[in-house]
Amino acid sequence: MTDRTPVLESKLPAVGTNIFTIMSGLATERGAVNLGQGFPDFECDPKLVQAVTGAMTEGLNQYPPMTGIPALRQAVADKVQAMYSHRYDPATEITITAGATQAIITAVLAVVHPGDEVIVLEPCYDSYVPNIELAGGTVVPVPLTPGTFRPDFDKIAAAMTPRTRAIIINSPHNPSGTVWRREDMLRLQELLAPTDVLLISDEVYEHMVYDAAQHQSAARFPGLAARAFIVSSFGKTYHVTGWKVGYVAAPASLTTEFRKVHQFNVFTVNTPVQHGLATYMADPQPYVQLPAFYQRKRDLFREGLKRTRFKLLPSEGTYFQCVDISAVSQMQETEFCQWLTTEIGVAAIPLSAFYREGFDQRVVRFCFAKKDETLQLALDRLAKL
Ligand SMILES: Cc1ncc(COP(=O)(O)O)c(C=O)c1O
């Protein structure tokens, strides 16, 4: 008999506690306004809660179909068609997932074989790299252009090899707030056309694009749609990040492989929330009005920030606003964010956290998905800078 716990060789040796957890912990400890982690501090539409609780009281509480309930898959297919003029078959091409995070890892595990290369554009959402590593793939980071965060297609082309299995893109982009233009998507389509490279298009902020610009979903581009897993998140769209429900739209042959993995890593996604979402989606207004809702908050926040010495970067989409800190402080990004949280009482996230090698360009990210009074409190504190 031994009570020794066997020593593990970590599958993800580079992964530690992520910066969001660290900054949120520090914000709570210091009573700081938390503009770090990306989630709303306001309630969702009560109609959505009623629709979900209604489903629960009606007894819709057992396993749903593995791929998601038909009504929700249908609602998603209808929305995608209305917005992006591409019809996905709800039976064979739409799958409901436990948030976008599970959708992305499932797509990666379904297509990446050991030794395959996957291109990620840095800065990028923190799950992509470990997902690729868990699949045995090789991460090929390509930087977005520092300063503008626009894609550099020469660099992407140079990173492609016969071993490239997939590229992961994200527009509207977390953390920079950049939105890819039609020309960007056309360039990508042209670049991928002669290859078998798959596209994982993380579109969780699809309904947060400002100044009358349009979201350029991969679904709008037939050459991209034919090779893409398009990922979205109800959590972001309906202010319910804690519900962790999203979806993937992909051609039938890709969806078949996706569902093989989905079946064994989550199997199904909770039933009453799916029914509630299906009912709620009958009215497109909540997502149609989302750009105006968040643009007002963005503008309010930007106006206030203009009173500081931060240099504001554009925020074309998402609920993030990045600022250059050079005129305010000589500190590195992470040290600055810690200082800002403890001394000024506002939490932010360093952009270096979104780079594998921690590239520091003196830019930090604020989240403006907050009540006006929360934003105002943060702005009053930041006005000292
Ligand atoms: C770019 C990006 N992708 C995916 C996700 C995860 O979405 P979900 O909460 O639906 O898993 C987030 C959440 O912050 C995100 O910013």
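All residue numbers refer to positions in the sequence shown, counting from 1. Worth saying up front: this structure is predicted, and the values here are computed from it rather than measured. Atoms within each ligand, like the ligands themselves, are counted from 1 in listed order.
A side chain to side chain donor-acceptor pair (under 3.5 Å) with Glu203 holds for exactly one of Ser232, Ser171, Ser217, Ser233; it is Ser217.
Crowding of Lys297 atom NZ: a count of heavy atoms from other residues, nucleotides or ligands under 6.0 Å exceeding 12. The environment of Arg182 atom CZ is sparse: at most 12 non-hydrogen atoms of other residues, nucleotides or ligands sit within 6.0 angstrom.
A pairwise comparison of heavy atoms in Ala378 and Val33 identifies CB-CG1, 4.0 Å as the closest pair.
For the 3.5 Å distance criterion, the side chains of Thr145 and Asp152 fail to qualify, holding no donor opposite an acceptor.
Of the protein's non-hydrogen atoms, Asp202 OD2, 3.4 Å is the one closest to atom 2 (C) of ligand 1. Counting only heavy atoms of the protein, atom 9 (O) of ligand 1 lies nearest to Lys244 NZ, 3.1 Å. Closest to atom 7 (O) of ligand 1, if we only count protein heavy atoms, is Ala100 CB, 3.4 Å. For atom 16 (O) of ligand 1, the closest non-hydrogen atom on the protein side is Tyr205 OH, 2.6 Å. The shortest contact between atom 13 (C) of ligand 1 and any protein heavy atom is with Lys236 NZ, 2.7 Å.
At least one donor-acceptor pair under 3.5 Å links the side chain of Tyr210 to the backbone N or O of Thr318.
Ligand 1 has a nitrogen or oxygen under 3.5 angstrom from a nitrogen or oxygen of Asn174.
Counting heavy atoms under 4.0 Å from ligand 1, residue Gln102 does not touch it at all. The proximity of Thr101 to ligand 1, defined as any non-hydrogen pair under 4.0 Å, involves the side chain as well as the backbone.
Residue Gly99 approaches ligand 1 through these ligand atoms, each under 4.0 Å from one of its heavy atoms: 10 (O), 11 (O). Contact atoms of ligand 1 toward Ser233: 8 (P), 10 (O) (distance under 4.0 Å to a heavy atom of the residue). Remark: ligand 1 atoms within the under-4.0 Å shell around heavy atoms of Asn170 are 1 (C).
Applying the side chain to side chain donor-acceptor pair (under 3.5 Å) definition to pairs two or more places apart or across chains, none involves residues 55-64.
Between Glu316 and Arg150 a salt bridge is recorded (basic side-chain N to carboxylate O distance below 4.0 Å).
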